[in-house]
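Below: the structure, in structure tokens.
This is a predicted model, so every value here is computed, not measured.
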Amino acid sequence: MTGFTYGGHLLACSAGLAVLDIVEQENLPANAAHMGEYLLGQLLPFESRFRSVGNVRGKGLMLALDLVEDKAGKRSLAPDNGLAFRIAEAARDAGAVVRPVGPKLMLAPPLTIDKAGCDTLVMALQTAFEKEDR
């Protein structure tokens with residue numbers, strides 16, 4: 001009888017332990033905190049620069065951009081508006097992957113991202129907003 005890959009399979013467990021070793025050896029939680037702070041600082045100006053960005057927030061490398069219909073009242077875009085999907089597609093065309101979730105854009109870059117990777121993500125989002133947020 002064999003086991004399933006999600007049920008304590010020897011190969012899956014070995015891979016998981018190897019990943020945990022890398023996380024510790026390369027101090028990836030510290031990199032996530034440092035790069036997340038840098039990325040958040042680069043994205044915060046989007047709140048005043050683009051008409052549909054109502055809020056930029058995050059912790060570590062988990063970040064979100066809330067898209068709004070009305071900045072003053074922080075009224076969220078209608079879920080079927082499609083702007084988040086259009087911006088995500090334009091960002092992908094510019095070299096970065098972000099996830100649209102209703103009226104939000106979710107960012108979760110890899111824990112190994114560096115400053116150049118953060119800059120690429122910011123530039124792709126900037127290009128996308130300049131194209132779609134008219």
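Expressed to the nearest 0.5 Å, how far CG of L39 lies from CE of M62 amounts to 12.5 Å. Interatomic distance, OG1 of T127 versus CD1 of I87, reported as 12.0 Å (0.5 Å rounding).
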Residues 26-35 side chain polar contacts: donor-acceptor under 3.5 Å, at least two apart:
residue: N31; atom: ND2; partner: L111; partner atom: O; Å: 2.7
residue: N31; atom: ND2; partner: I113; partner atom: O; Å: 2.9

Show me, pair by pair, the donor-acceptor contacts under 3.5 angstrom made by side chains of residues 43-52, not counting sequence neighbours?
residue: E47; atom: OE2; partner: V56; partner atom: N; Å: 2.7
residue: S48; atom: OG; partner: P45; partner atom: O; Å: 3.2
residue: R49; atom: NH1; partner: Q126; partner atom: OE1; Å: 3.2
residue: R49; atom: NH2; partner: E130; partner atom: OE2; Å: 2.7
residue: R51; atom: NE; partner: R134; partner atom: O; Å: 2.7
residue: R51; atom: NH2; partner: R134; partner atom: O; Å: 2.4
residue: S52; atom: OG; partner: D133; partner atom: OD1; Å: 2.9
residue: S52; atom: OG; partner: D133; partner atom: OD2; Å: 3.3

Please set out all donor-acceptor pairs under 3.5 angstrom arising from side-chain atoms of residues 115-123, sequence neighbours excluded.
residue: D119; atom: OD1; partner: Y38; partner atom: OH; Å: 2.5
residue: T120; atom: OG1; partner: A116; partner atom: O; Å: 3.0

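The side-chain hydrogen bond (donor to acceptor under 3.5 Å, both in side chains) contacts involving residues 103-112 comprise D66-K104, where partners must be two or more places apart or lie in separate chains.
Checked against side-chain contact (heavy atoms from CB on, under 4.5 Å), V101 has the following partners two or more places apart in sequence or in another chain: R99, M106. With sequence neighbours left out, E69 forms a salt bridge (Lys or Arg N to Asp or Glu O under 4.0 Å) with R75.
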Quiz item: Stepwise, does the side chain to side chain contact (heavy atoms under 4.5 Å, CB included) test hold for V19 with E24?
Solution: CA-CA 9 Å; V19 168; E24 288 179 357; over 6 Å; no
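No single ILVMFWY cluster, assembled from side-chain heavy atoms under 4.5 Å apart, contains both V68 and V98.
Nearest approach of A124 to A96, heavy atoms of both residues: CB-CB, 3.5 Å.
Using a 4.5 Å heavy-atom threshold, the side chains of L107 and L125 count as touching.
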